[in-house]
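Structure first, then comments.
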Amino acid sequence: MRRTEEPDPATLERMLYYLKLTRESEYRIERVLYRQGKIVGGVYVGRGQEAIGVGSAIQLTEGDVALPSHRDFSSFVIRGVPLGQIFANWMARGTGPTRGRENTLHIGDLKLGLIPIISPLGDTLPVACGVALTFKQRRRTNVALVHFGEGTTSRGDVHEAMNLAAVMKLAVVFICNNNAYAYSTPTERQYAVRDLSVRGAAYGMPGVTIDGNDVLAVYSAVGKAIALGRAGGGPSFIECKTFRMTGHSAHDAAEYVPKKLLEQEARKDPILRLEKVMLERQLLTREGIAEMERRIHKEIDEAVAYAEAQPMPEGATAVGGVYCGPDCWWKS
Amino acid sequence: MPTRTYLEAIRQGIWEEMERDPSVFLLGEDIGAYGGAFKVTEGMLEKFGADRVIDTPISESAIVGAAVGAALMGMRPVVEMQFMDFIACGFDQIVNMAAKIHYRWGPAVPLVIRGPSGAGVHGGPYHSQSNEMWFVHTPGLKVVAPATAYDAKGLIKASIRDDNPVIFYEHKFLYRRIKDEVPDDDYLVPLGKAAVRREGSDIAVITYGAMVWTALDAAKELEKEGISLEVVDLRTLVPYDEDAVLQSVRKCNKVILLHEDTRTGGMAGELAALIAERAFDDLDGPIVRVTAPDTPVPFSPPLEEYFLPNAQKVAEAARRLAAY
């Protein structure tokens, strides 16, 4: 079945690579390095939800800005953050992208068009509006892609941002990762509608609900929204239904999730589904997939080794860089 | 040299920065077509256009967040809070987003959040607050509070050019009540420097905002009684001019810390600690605070009058301290 905005074979292969790289990297983070004590603090991964980050971020071009969530590891890689630097941040290194000041995926790089979340989730939605506002002021056709969970949509900033984007016709693509649980809170305790996409119409923008584990569906829906934004048609809301295949964080055993549900959802795995499509279309062989996996494994080994070799920050560096002065480090 | 009100001086400062730097733009409620609730931005929509003078929905959090996004993209937004009381609606974006970005991952967030604060106009609890300490206590923000028309222009210009998020407290009582000679040229008043408004020798009064004028009124009264007050206008609360504070304390050996803000957790507590740490040996009397009490700002005129510090209360405190 052909859809509009279908990715070409090269893009399909890239997407499979990013999906697998994300899955394997996050496995290494959550179930190896964290358990070895090499990563401390909170550990949040997007296991099972990888198609949402991959299918969206892969369509961004020069000048676009991504505001990924903590479950969108792939967005950082796709935008160009070196894998070793991502691991260095996880491992609290002083030479990492935040110099040890921030954890998890709170990584930003304006040259790459990447703005990170803060832990009060939902705050990045208004920031995305501001980014898109500058595109409008500069008469650019760029877009801002902002990711957030279904739980986050209960926060006031989401309401304010969606309203602002719609009334000012800003090129923001609001991508909701509905993974069925916000920590221990299932969707029936989070909101009273069946599909969050109804909120699109409530603000005056297109709203769709798609299968978030079908990377081709993500690619298609996000592609349409990006095109609308670039054409001056304003914002869109895309609800990607998926399932959180691990705890809220590494320390959450998530016993509140029924085992049967987890088994059911595992069958909808986004990686297996893309592999199936590519094998059926003879775009890849099983040997090709195995080769890709070997390559990814090696890449991650190298990235982890790189990160482990980085020094921890000097304690006294904690007190510098609160204010940006004429010679602040960022300007060099 | 032209004479301008405090409000006109702010308007001129913003206008000049808008002319000078195309990355400066304004966001706020009713600031465009209406010219702002207090008319600070009057005429700016006509002059600079709708791309740079943006009327927003009532969404303080989204307005601040959008300003952060724009600042990250290289713009220099100036956000108006219609009343600084409503800054609380954007609190999270200010203290968690704007204030911490540079520390956490590097880029500067050059934005200004400005608006009318303070009491004395029968505004009641939500149009009269002095809430600056929420932001003084948040590393990463700068906090400015001019007391004169000359400073208001110089400081708004300097704040707009600062690469950090600046919370700019205008005092609504001063808007049309004070005038000053305000040069038409491009001058700046640096952040972080206090100004001695009146030289004195018996008691140093450290203060800011509308209370600078209250202190000056008290000083005039006390002069007749042979008590000489030195009045120090902090002008900036973060970073504040520690050297100026200590210099006046060492000169006068007695100090009154005065602010319109409520007592507990107010700037006077911070200054008292600094003085006790660094000028203990120079004190000939206890550190005295004159502040509003720990209540919301009441509406009814006799209640508001009781609530606010005034020249008589400052004078009474000064007489007691002078006699110590």
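The chains referred to below are lettered A, B, ... by the order of the sequence lines, with proteins before strands, and numbering in each begins at 1.
- Chain B forms the most heavy-atom pairs under 4.5 Å with one residue out of A/Leu125, A/Asp123, A/Asn163, A/Val131, and that residue is A/Asp123.
- Ranking A/Gly156, A/Ala161, A/Cys129, A/Pro120 against chain B, the residue ahead of the rest is A/Pro120, based on heavy-atom pairs under 4.5 Å.
- When each of B/Ile63, B/Leu72, B/Val68 is checked for heavy-atom pairs under 4.5 Å with chain A, B/Leu72 comes out on top.
- For a residue to count as touching a neighbouring chain, one of its non-hydrogen atoms must lie under 4.5 Å from one of that chain's; by this rule A/Leu133 touches chain B with the side chain only.
- Ring to ring, B/Phe91 and B/Phe135 are close: their centroids are under 6.0 angstrom apart.
- For chain A, the nearby parts of B/Lys142 are the backbone and the side chain; heavy atoms of each come within less than 4.5 Å.
- Residue A/Leu170: no heavy atom, backbone or side chain, is found under 4.5 Å from chain B.
- Between the side chains of A/Arg99 and A/Thr317, not a single donor N or O lies within less than 3.5 Å of an accepting N or O.
- Under the salt bridge (Lys or Arg N to Asp or Glu O under 4.0 Å) criterion, A/Glu160 pairs with no residue at all, not counting sequence neighbours.
- In this structure, the portions of A/Thr124 lying under 4.5 Å from any heavy atom of chain B include both its backbone and its side chain.
- Within the 4.5 angstrom heavy-atom criterion, only backbone atoms of B/Leu141 (N, CA, C, O) approach chain A.
- Two rings, from A/Tyr34 and A/Trp90, have their centers 6.0 Å or more apart.
- Shown here for B/Asp162 and B/Val166, the closest heavy-atom pair between the two residues is CB-CG2, 4.0 Å.
- More than 12 heavy atoms of other residues, nucleotides or ligands lie within 6.0 Å of CD in A/Gln190, so this atom counts as buried by the packing criterion.
- Neither the backbone nor the side chain of A/Ala165 comes within contact range of chain B; no heavy atom of the residue lies under 4.5 Å from a heavy atom of that chain.
- When each of A/His159, A/Arg138, A/Met168 is checked for heavy-atom pairs under 4.5 Å with chain B, A/Arg138 comes out on top.
- Taking CZ from A/Phe148 and SG from A/Cys176, the interatomic distance works out to 5.0 Å, rounded to the nearest 0.5 Å.
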